Structures are given as structure tokens and as C-alpha cells.
Trainee: 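Can you keep this structure in mind? I'll have questions shortly.
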Amino acid sequence: MDNKPAITYELLHVCKQSGARRGVIHTPHGDIQTPIFMPVGTQATVKAMTPDELKEMVEAQIILSNTYHLFLRPGHELVKEAGGLHKFMNWDRPILTDSGGFQVFSLGDLRKIKEEGVEFRSHLDGSKQFISPEKAMEIEEALGADIIMAFDECCPYPSTYEYTKKSMERTTRWAARCKEAHTTTDKQGLFGIIQGGFYKDLREQSAKDLIEMDFPGYAIGGISVGEPKEEFLDILRHTTPLMPENKPRYLMGVGTPDYLIEAAIAGIDMCDCVLPTRIARHGTAMTTHGKLVVRNAAYERDFTPIDPECDCYACKNYTRAYIRHLINTKEILGVRLLSIHNLRFLTKLMDKVRIEIENDNLLTFRDEFYKNYGYTKEN
RNA sequence: GGGCAGGUGGUCGAGUGGUUAAUGGCACCAGACUGUAAAUCUGGCCGCGAGAGCGUACGAUGGUUCGAAUCCAUCUCUGCCCA
């Protein structure tokens with residue numbers, strides 16, 4: 001196990017104003033400039049986007065995919081047979097696969113948690129499926145992403161101290177089993193996931209135990225699950241400093257502009273979220289001046305771009321009135337244009353965040369951004 | 001000219017004497033969405049009112065009845081068939 005690790009982190013600069021990190025993550029499929037926002041492509045596709053669009057229009061550096069969903073369909077063996085996930089979906093940049101831990105949370109009614117693993121009743125056909133830490137590793141290795149996540153439990157909010165503690169300790173035991181089962185360490189970096197809900201001592205315990213296991217990167221899981229923003233920030237700010245400085249820090253499931261900026265300030269390097277693509281499908285855009293529900297009647301005759309300050313393909317070529325028309329008539333193009341815009345909006349936001357870190361100016365940038373976006377306070 | 005079937009809220013369409021301001025679909029209006037069971041879900045959708053409520057309303061008019069979108073009469077309009 002002394003071969004070169006698949007994933008390494010290089011710290012380039014720390015923002016003197018905010019403490020945010022500017023860095024690079026080296027992966028087998030290229031470098032990732034951080035802090036970064038990662039679009040989510042659960043079923044081996046970022047919904048409505050081609051890989052070319054993700055590269056050229058969105059300028060995505062890395063995308064996510066999902067172990068649980070690909071395990072059910074088309075099956076990890078099939079993806080392996082196709083030559084791995086990169087080849088299967090025609091994406092040659094880095095990929096990160098989530099382990100199915102989020103499905104333990106989101107498929108709450110359909111699963112049973114045991115020490116050995118989680119029994120799921122498939123949401124597709126009701127069939128019984130079992131995912132253990134070892135199984136998750138088998139699937140993730142077959143898929144072949146650059147970064148793979150340990151199998152964890154994402155606790156609901158709120159959860160009692162007792163439940164959260166038991167869950168966190170089990171997640172830690174599962175992390176050890178994932179590490180033990182993980183064989184492709186030269187090609188894939190396995191990240192541990194810090195849990196502990198909204199209890200600081202549990203977060204500390206989780207971080208300590210996982211760090212002892214020496215993963216090539218660490219994630220914060222189990223926040224941004226419906227809690228108030230103050231609690232989110234509190235746990236974020238408490239947990240991030242516990243994470244190693246020489247390894248990537250990943251905050252799972254965060255995707256509103258304010259949360260992304262706060263995450264960077266807290267010292268996070270990576271975030272992912274379904275939000276930009278989901279709200280695009282539901283007719284909403286993120287803009288410099290806040291959320292814009294394009295399908296609303298107010299934009300029926302608005303012949304200006306979604307965001308006049310945006311340079312994306314959708315904003316350069318189409319009006320609110322046209323995109324509203326496409327969304328309201330359920331035309332695929334509407335969803336595509338909004339997805340391009342929202343994803344580009346967030347990747348560009350992170351471009352700016354990286355520049356402002358280099359300029360030691362991130363707090364000033366945040367305040368300015370909030371003012372434009374319409375946030376009244378930062379917390 | 002004769003026969004038959006019908007005219008219900010933006011629209012399509014239930015309802016055939018009271019619990020009906022009137023099921024449902026669509027359209028429309030708004031909200032939610034944060035490691036995707038999500039091109040989904042929730043709410044609103046006659047007028048006025050914060051609300052209790054009030055006022056109008058099922059082609060038109062008149063009638064029966066304690067009570068009618070529902071029954072009767074006449075008129076009117078639409079579709080189909082026959083001449």
C-alpha cells in the first residue's frame with residue numbers, strides 16, 4: 001500500500017481576509033481547482049446535459065454519480081463491462097461517486113439499517129437489495145470513479161443525541177470496513193465521511209476516529225438536511241477546522257450560492273448539489289440578483305436575459321419570455337437552457353471565489369454578493 | 001319541415017329534487033426544492049371580505065315545490081339523422 005495515492009491535495013493560498021483555501025486536487029483524470037462546485041449526475045448523466053455541454057458551456061471540472069442508483073440500473077457489472085463509468089458516459093474528467101449513504105436517508109421508508117449494512121426495498125420494483133460497506137466498495141470500484149465515498153448513514157434532522165451517536169459510531173465502523181475492503185487505492189481515493197449530526201462533541205469524535213484511519217480526503221455529511229441556516233453554519237464552522245489541512249475537504253449536498261460561499265470561507269474545498277439542475281427542471285434560475293422563477297407570469301413579456309450579468313449560452317442567446325414559454329409548454333429546451341445557466345452560474349461563482357481567495361478579498365466579495373443577491377444578513 | 005341527442009364555472013366533463021359554490025382532468029396563478037424515488041410535489045383557482053359570511057351562478061324566461069343545475073312549459077342555440 002505504499003504506491004502513489006490516487007488523490008492528493010495541494011494548497012496554493014490561504015485567503016488572509018477569510019481563511020478560505022485555494023488549492024488543487026490531483027486525480028487520475030486531471031486536476032481540480034478548488035474550491036469547486038460539482039454538478040450531480042446521479043444516473044451517469046447530469047440531467048439534460050451532454051458531457052460536451054458540461055465541459056464547454058458549464059466548464060465543470062468534476063461531476064458526481066451515484067452508487068445506489070447505478071447498482072440498481074444498469075448494474076455495476078455492466079458499467080464495468082462497458083469500460084467503466086468514464087467511458088460508459090463519455091466523460092473524461094474526474095468523477096466522484098457517492099456511496100448510497102444519502103439513500104439511507106432519502107429512502108427512509110424503504111430501508112432497514114443493520115450493523116452488517118442496509119437492506120433496501122428497491123424504489124423501482126420493490127425487490128430486496130442489500131448494501132454493506134464491502135458491497136459499496138465493490139460497486140464503486142467497478143464504476144471506477146476517481147473519488148469514492150465511504151458507505152455512511154446521513155441522519156435526518158432533527159435526530160436525538162442517542163440516535164445520532166449510535167449512527168455516527170456505526171458510520172465510523174463502516175468506514176473502517178470500507179477502507180479494509182478498498183483495493184484500488186492507486187486509482188481511486190476513498191474519502192471518509194464525518195457524521196455526528198448537530199452535536200459538536202459527536203462531530204469531534206467522528207472526525208478524530210476517521211482521521212486516525214488516514215483517508216486521502218474527508219467529507220462532512222449530514223448537514224444541509226433541512227436545519228436552519230444558523231445551525232448549518234455552526235456545525236460547518238465547528239467541523240471544518242477539525243479536518244486535515246493537507247487533504248481535500250468536501251461538504252456534501254450544498255448548492256445555494258450563500259452556502260457555497262460560506263463553505264469556502266469555512267475552509268471547504270468541494271461541494272456538490274442537485275439544486276441547480278433540479279430547480280432548472282422546475283422553472284427557476286439562480287441569478288446575480290437572487291432566485292428568479294422564470295415560469296411566473298411576470299416574465300411573460302420580459303425580453304431580457306435570465307441574468308444580464310451572465311455570459312452563459314442561455315443568457316447570451318435567449319430571453320426570459322422565451323425560456324418561460326419553453327418551460328410552460330414543457331419543451332425540453334427550456335429545461336436544458338435553465339440547467340446550463342444554473343450550473344454555469346455556480347461554476348462561475350466558484351471561479352470568482354477562487355480569484356477572491358487569491359486576492360485575500362473573499363469576505364468583501366461575500367458581502368457584495370449578498371447585497372446583490374438579496375440576502376439580508378449573512379446569518 | 002320532421003326525428004333524436006344535447007347546452008354546467010377559462011376549457012373538457014361529472015352531477016339528474018335537499019349534505020352542491022357544484023367531483024375530476026386540463027389550462028391558469030403562486031410556493032417548495034440543498035451527497036436526485038423530483039421535467040416533481042404542495043396550495044389557489046365565480047365576485048366582495050382578514051374572517052364568520054354575503055352576493056351571484058349550471059342557455060333564456062316562466063312554472064311546480066318548503067327546496068331545482070336536476071321536474072314541467074315555451075323560447076333559443078348546437079350536433080347527428082331523415083326530407
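These figures come from a predicted structure and were not determined experimentally. Values reported hereafter were calculated over all heavy atoms of this structure, with side chains retained and with hydrogens, waters and symmetry mates removed. Each chain gets a letter, A, B and so on, in the order its sequence line appears, and its residues count up from 1.
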Trainee: If the P atom of B:rG7 is compared with that of B:rC72, how far apart are they to the nearest Å?
Mentor: 14 Å
Trainee: With both distances under 3.5 Å as the test, what is the Watson-Crick or G-U wobble partner of B:rA50?
Mentor: none
Trainee: Say we look at B:rU20 and B:rU40: how far apart would their C1' atoms be, to the nearest angstrom?
Mentor: 33 Å
Trainee: If the condition is side chain to side chain contact (heavy atoms under 4.5 Å, CB included), which residues does A:K166 pass it with, not counting sequence neighbours?
Mentor: none
Trainee: What is the distance from NE2 of A:H325 to C1' of B:rA27, rounded to the nearest Å?
Mentor: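 Answer to the nearest Å: 14 Å.
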Trainee: Can you see whether A:F151 has A:K135 sitting over its ring - NZ or CZ less than 6.0 Å from the centre and within 45° of the normal?
Mentor: no
Trainee: Tell me whether the side-chain N/O atoms of A:N328 come closer than 4.0 Å to OP1 or OP2 in B:rA27.
Mentor: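 Answer no for this pair, as no side-chain N or O of A:N328 is under 4.0 Å from OP1 or OP2.
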Trainee: Who does B:rA69 pair with, Watson-Crick or G-U, both distances under 3.5 Å?
Mentor: none
Trainee: If you look at every heavy atom in A:V24 and A:T34, which pair is closest and at what distance?
Mentor: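 Nearest pair, atom of A:V24 first, then A:T34: N-OG1, 3.9 Å.
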Trainee: Assign a letter to each nucleotide of nucleotides 32-37 of chain B from its 5' end: B, base within under 4.0 Å of a protein heavy atom; S, sugar-phosphate only; -, no contact.
Mentor: BBBBBB
Trainee: Just checking A:Y373 against A:Y370, ring centres under 6.0 Å apart?
Mentor: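 No, too far apart.
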Trainee: Would you please name every residue forming a side chain to side chain contact (heavy atoms under 4.5 Å, CB included) with A:K200, sequence neighbours left out?
Mentor: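 Applying side chain to side chain contact (heavy atoms under 4.5 Å, CB included) to A:K200 gives A:E204, A:D234, A:I235, A:H238.
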Trainee: What's the gap between B:rG9 and B:rU56 when it is taken at their C1' atoms, as a whole Å value?
Mentor: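 Roughly 12 Å separates the two C1' atoms.
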Trainee: With rounding to whole Å, what would you report as the distance between B:rA73 and B:rC28 at their C1' atoms?
Mentor: 40 Å
Trainee: With rounding to the closest Å, how many angstrom separate the P atoms on B:rC26 and B:rG63?
Mentor: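 That atom pair is separated by 42 Å.
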Trainee: Counting only Watson-Crick or G-U wobble pairs whose two distances fall under 3.5 Å, which nucleotide matches B:rU78?
Mentor: B:rA5
Trainee: With rounding to whole Å, what would you report as the distance between B:rG6 and B:rG18 at their C1' atoms?
Mentor: 26 Å
Trainee: Which sits closer to the 5' end of RNA chain B, A:K330 or A:V335, going by the nucleotide each is nearest to?
Mentor: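 Going by which nucleotide is closer to the 5' end, it is A:K330.
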Trainee: Which whole number of Å gives the distance between the P atom of B:rC29 and that of B:rC75?
Mentor: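 Per the computed distance, 44 Å lies between those P atoms.
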Trainee: I'd like to know if A:E116 pairs up with A:R177 as an ion pair, taking the criterion as any Lys NZ or Arg NE/NH1/NH2 lying under 4.0 Å from an Asp or Glu carboxylate oxygen.
Mentor: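 Yes, charged N to carboxylate O under 4.0 Å.
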Trainee: Any Lys/Arg nitrogen of A:K247 or A:D214 sitting under 4.0 Å from an Asp/Glu carboxylate oxygen of the other?
Mentor: yes
Trainee: Now, which nucleotide makes the Watson-Crick or G-U wobble pair with B:rU40, with each of the two distances under 3.5 Å?
Mentor: B:rA32
Trainee: Taking atom P in both B:rA21 and B:rA52, compute the distance separating them and give it to the nearest angstrom.
Mentor: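 Taking atom P in both B:rA21 and B:rA52, they lie 15 Å apart.
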